[in-house]
Amino acid sequence: MTGPLSGTTVLDFSRVLAAPLATQVLAELGATVVKVERPSSGDETRGFEPRLPHGESAYFFAFNRGKKSVTLDLKDPRGQAVARRLAARADVVVENFLPGAMDRMGLGYADLSEGHPELVYVSATGFGQTGPDRDRKGYDTVFQALSGVMAMTGEPDGPPSKTGIPVADLTSGLWVVIAVLAGLAGRAATGRGRHLDVSMMDVQLSLHALNAARLFALGEDPVRTGTEHPGRVPSAAFQAGDGEWLHISGSDQHWGPLCTVLGLDELAADPALRGNSGRVEQRARVMKALRGAIAQHDRDALVKELRAADVPAGAVRSVREALADPHAVARGVVGEFTHPSEGTFPALRTPLRETGGDAPAPGVPPLLGADTDDVLAELGFDPGEIEGLRAAGVIR
């Protein structure tokens, strides 16, 4: 693929979601990404549901497009030697093994950067390379729980809830991308690479910027507020008269127009409610009035009226509805690729595009080991050596 990272080679030792998302983004920005997988089964997500008619995983498809797949047994010294030869030609290494695992295989930063000081090496782990929990394992929902995200997600009178998307994995993957780009920028300035440490737990805690500010300022631990914003009124989801839901959010300049559309002249005339702080103080009164008024309207007609009055509002839609929205269609949010066994399959395109240009087309997820022979041949292995590694089970 062409793109701003064309000419950059990324050696990808990652599995599952967060770091594979990152290397997929790098591939869609033009980097050549070589994904190293186990000969027996590959990335474990190849076995995740839902499965497609010919056995491939839609989960794997979501985070591994545009990559090359090379199988290597990294527990075998011969596989480790091949990996070191791959790393010697790479600009970037991304790995998400537990701390110390890559070092034990001779594939840690100290080993790979010796003689290759330009290497940018990113380690993406649950708890980072240091600290008492560095060897602790975890998954997305565990990090949501431990970080406080789960405790403040859900309705005030309900139990803690996970988010509707794997927010810990997704946001951590984006920080891996940031780490790679920072490393490449630093190398361009100094001629040297570096080892960058991305912790999923750190990333989740960083998402509490506003919550932490409230805690630091007031000493108050944030609590669950459902769809309501703790510091702004109105900003919440409301049920319309036809049973459908919409979300309304706005600042002081939207308060008057909102009241006009809803016929809430008494609220509009109250000087105590013209500023957000007053509406927050009288949250119960304001929200009761809004809920009652909104229940008199059908959702879509009300959204149209609010938008005409320049009040930020929108229907609460399903994923299917959101992806089929005319604006999403016009922006080309959904693309497609043609897979060698599963045929044509839809995929979300990267949201990054140049002005006047289109988003990159989705790359094709590789079959397990599809590029092993070609990549090893590029490293100088002859056909006999490749077949020897295959016969020994080092490659597939």
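Bear in mind the structure is a predicted one, so any value in this text is a computation, not a measurement.
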(message) Are Val149 and Val142 connected into the same hydrophobic cluster when the rule is that any two of I, L, V, M, F, W, Y join if their side-chain heavy atoms are below 4.5 Å apart?
(response) no
(message) Tell me if the CD atom of Glu354 is crowded by more than 12 foreign heavy atoms within 6.0 Å.
(response)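 Counting neighbours around CD of Glu354, 12 or fewer heavy atoms of other residues, nucleotides or ligands fall under 6.0 Å, so no.
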(message) For a 4.5 angstrom cut-off between non-hydrogen side-chain atoms, does Met201 reach Asp133?
(response) no
(request) Return the orientation label for the Phe48 and Tyr59 ring planes: parallel under 30°, perpendicular over 60°, tilted otherwise. (result) perpendicular
(message) Just so I know, are the side chains of Thr227 and Val316 near enough to count as touching, which here means a heavy-atom distance under 4.5 Å?
(response) no
(request) Compare all side-chain heavy atoms of Ser172 with those of Gln204 and state whether any distance is below 4.5 angstrom. (result)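 Sidechains of Gln204 and Ser172: in contact.
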(request) Take atom CG of Asp310 as the centre, draw a 6.0 Å sphere, and report whether it contains more than 12 heavy atoms from other residues, nucleotides or ligands. (result)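 Atom CG in Asp310 is not crowded, with 12 or fewer foreign heavy atoms closer than 6.0 Å.
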(request) Evaluate the side-chain proximity of Thr125 to Leu98: yes if any heavy-atom separation is below 4.5 Å, no if none is. (result) no
(request) Please round to the nearest 0.5 Å and tell me the distance separating atom NZ of Lys35 and atom CG of Leu368. (result)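 So the NZ of Lys35 and the CG of Leu368 are separated by 10.0 Å.
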(request) Using distance alone, with no hydrogens and no angle criterion, decide if Ser249 and Arg232 have a side-chain donor and acceptor under 3.5 Å apart. (result) yes
(request) For Asp140 and Ala168, indicate whether the former's side chain and the latter's backbone hold a donor-acceptor pair under 3.5 Å. (result) yes
(request) Could you check Met200 against Val203 for side-chain contact (heavy atoms from CB on, under 4.5 Å), going step by step and ending with a plain yes or no? (result) CA-CA 5 Å; Met200 291 181 68; Val203 172; 5.6 Å; no
(request) Could you label the plane-to-plane angle of the His339 and Phe61 rings as parallel, tilted or perpendicular, counting under 30° as parallel and over 60° as perpendicular? (result) tilted
(request) Without swapping roles, check the side chain of Asp382 against the backbone of Glu385 for a donor-acceptor pair under 3.5 Å. (result)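 Flag set: sc Asp382 to bb Glu385 pair under 3.5 Å.
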(message) For the CG atom of Leu352 and the CD atom of Glu28, what is their distance to the nearest 0.5 Å?
(response)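 The CG atom of Leu352 sits 10.5 Å away from the CD atom of Glu28.
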(message) Is there a path of hydrophobic side-chain contacts, each under 4.5 Å between heavy atoms, that joins Val10 and Leu86?
(response) no
(request) Taking all non-hydrogen atoms of both residues into account, name the closest pair between Pro99 and Asp135 and its distance. (result) O-OD1, 4.1 Å
(message) Quick check on the hydrophobic clustering: are Leu11 and Phe381 connected, directly or via other members, by side-chain heavy-atom contacts under 4.5 Å?
(response) yes
(request) Quick one: which residue pairs count as a salt bridge (charged side-chain N to carboxylate O under 4.0 Å, His left out) with a foot in residues 7-17, not counting sequence neighbours? (result) Asp12-Lys67
(request) Measure the CG-CG distance between Leu215 and Leu210 for me, rounded to the nearest 0.5 Å. (result) 12.5 Å
(request) To the nearest 0.5 angstrom, please state how far the CG atom of Leu5 sits from the OG1 atom of Thr32. (result) 10.0 Å
(message) Which label fits His195 and Tyr121: parallel for a plane angle under 30°, tilted from 30 to 60°, or perpendicular past 60°?
(response)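 Because their plane-to-plane angle is over 60°, the rings of His195 and Tyr121 count as perpendicular.
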(message) So which atom in Leu119 and which in Ala87 form the shortest heavy-atom distance, rounded to 0.1 Å?
(response) CD1-O, 4.4 Å
(message) Between Glu342 and Gly55 (side chain of the first, backbone of the second, donor and acceptor by atom type, cut-off under 3.5 Å), is there such a pair?
(response) yes
(request) Kindly determine whether Arg317 and Asp325 satisfy salt bridge (Lys or Arg N to Asp or Glu O under 4.0 Å), including the steps that lead there. (result) CA-CA 10 Å; Arg317 300 187 296 200; Asp325 177 77; 2.8 Å; yes
(request) Go through the side-chain N and O atoms of Glu37 and Ser69 and say whether any donor and acceptor fall under 3.5 Å apart. (result)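 Yes, because at least one side-chain N or O of Glu37 sits under 3.5 Å from a partner of the opposite role on Ser69.
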(message) Does atom CZ (Arg274) have a neighbourhood of more than 12 heavy atoms from anything else shown, all under 6.0 Å?
(response) yes
(message) Main chain of Ser251, side chain of Asn276: is a donor-acceptor contact present, judged purely on distance under 3.5 Å?
(response) no
(message) Tell me whether the count of non-hydrogen atoms from other residues, nucleotides or ligands lying under 6.0 Å of CG in Leu323 goes above 12.
(response)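 Enclosed: over 12 neighbouring heavy atoms sit under 6.0 Å from CG of Leu323.
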(message) Could you walk me through whether Thr45 and Phe63 satisfy the side-chain contact (heavy atoms from CB on, under 4.5 Å) test, starting with their C-alpha distance in whole Å, then the side-chain angles of each, then the deciding distance to 0.1 Å, before giving a yes or no?
(response) CA-CA 10 Å; Thr45 61; Phe63 303 109; over 6 Å; no
(request) Using atom types as modelled and distance alone, determine if a side-chain donor or acceptor of Arg353 lies under 3.5 Å from a backbone N or O of Arg331. (result)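 Yes: the side chain of Arg353 pairs with the backbone of Arg331.
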(message) Please tell me whether Trp175 and Leu205 are part of a single hydrophobic cluster in this structure, the criterion being side-chain heavy atoms less than 4.5 Å apart.
(response)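 Per the 4.5 Å side-chain linkage, Trp175 and Leu205 are not co-clustered.
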(message) Please give me the minimum heavy-atom distance between Ala315 and Val303, naming the atom from each residue.
(response) N-CG2, 4.1 Å
(message) Tell me the closest heavy-atom pair linking Thr153 and Lys162, and the distance in Å.
(response)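 Shortest heavy-atom separation between Thr153 and Lys162 comes out as CG2-O, 4.0 Å.
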(message) When you compare the side chain of Leu290 with that of Leu264, does any pair of heavy atoms fall below 4.5 Å?
(response) yes
(request) Ignoring hydrogens and angles, tell me if any N or O in the side chain of Arg65 forms a donor-acceptor pair with the backbone of Ala361 under 3.5 Å. (result)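 Looks like no, no N/O pair under 3.5 Å.
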(request) State yes or no: do Leu181 and Tyr109 share one hydrophobic cluster built from I, L, V, M, F, W and Y residues joined by side-chain heavy-atom distances below 4.5 Å, directly or via other members? (result) no
(message) Under 3.5 Å, is there a donor on one side chain and an acceptor on the other for Glu114 and His116?
(response) no
(request) Using salt bridge (Lys or Arg N to Asp or Glu O under 4.0 Å) as the criterion, list what pairs up with Glu155, not counting sequence neighbours. (result) none
(message) What I'd like to find out is whether the side chain of Val311 reaches to under 4.5 Å of the side chain of Val261, using heavy atoms alone.
(response) no
(request) Quick one: do Glu44 and Arg38 satisfy side-chain contact (heavy atoms from CB on, under 4.5 Å)? Show the steps, please. (result) CA-CA 9 Å; Glu44 48 261 58; Arg38 292 173 297 185; 3.5 Å; yes
(message) Is it the case that the side chain of Asp298 and the backbone of Asp300 share a donor-acceptor pair, with hydrogens and angles ignored and the cut-off at 3.5 Å?
(response) no
(message) Are Val70 and Asp374 packed together at the side-chain level, in the sense that at least one heavy-atom pair is separated by less than 4.5 angstrom?
(response)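 No; the side chains remain at least 4.5 Å from each other.
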(request) Give a yes or no answer on whether the side chain of Arg224 reaches the backbone of Asp157 with a donor-acceptor pair at less than 3.5 Å. (result)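 No.
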(message) Once salt bridge (charged side-chain N to carboxylate O under 4.0 Å, His left out) is applied, what residue pairs with a partner in residues 81-99 remain, sequence neighbours excluded?
(response) Asp91-Arg187
(message) Between Arg279 and Glu228, does any NZ, NE, NH1 or NH2 come within less than 4.0 Å of an OD or OE carboxylate oxygen?
(response)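 Not counted as a salt bridge, because no side-chain N and carboxylate O are separated by less than 4.0 Å.
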(message) Minimum heavy-atom separation for Gly79 and Leu74, please, with both atom names.
(response)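 Between these two residues, the closest heavy atoms are O-CD2, 4.2 Å.
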(message) With a 3.5 Å distance limit and no angle check, can you tell me whether His54 reaches the backbone of Pro340 through a side-chain donor-acceptor pair?
(response)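 No; zero donor-acceptor contacts below 3.5 Å.
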(request) Please identify each residue that fulfils salt bridge (Lys or Arg N to Asp or Glu O under 4.0 Å) with Asp270, with sequence neighbours left out. (result)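 With sequence neighbours excluded, Asp270 shows a salt bridge (Lys or Arg N to Asp or Glu O under 4.0 Å) to Arg285, given in chain and number order.
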(request) Would you give the length of the straight line joining atom CD of Gln80 to atom CE of Met102, rounded to the nearest 0.5 angstrom? (result) 10.0 Å
(message) I'd like to know if Arg390 pairs up with Asp373 as an ion pair, taking the criterion as any Lys NZ or Arg NE/NH1/NH2 lying under 4.0 Å from an Asp or Glu carboxylate oxygen.
(response)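 Between Asp373 and Arg390 there is a salt bridge, with a charged N closer than 4.0 Å to a carboxylate O.
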(message) Can you list everything that forms a side chain to side chain donor-acceptor pair (under 3.5 Å) with Asp221? Sequence neighbours excluded, please.
(response) none
(request) Report the residues that fulfil ring pair (Phe, Tyr, Trp, His ring centres under 6.0 Å) with Phe97, sequence neighbours left out, ordered by chain and then residue number. (result)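 In terms of ring pair (Phe, Tyr, Trp, His ring centres under 6.0 Å), with neighbours along the sequence ignored, Phe97 is linked to no residue.
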(request) Could you check Val34 against Asp371 for side-chain contact (heavy atoms from CB on, under 4.5 Å), going step by step and ending with a plain yes or no? (result) CA-CA 9 Å; Val34 179; Asp371 305 286; over 6 Å; no
(message) Counting C-beta onward and ignoring hydrogens, is there a side-chain heavy-atom pair between Glu266 and Cys259 closer than 4.5 Å?
(response)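 No, too far: nothing below the 4.5 Å cut-off.
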(request) Might you point out which heavy atoms bring Glu56 and Ser341 nearest each other, and give the distance in Å? (result) CG-OG, 3.7 Å
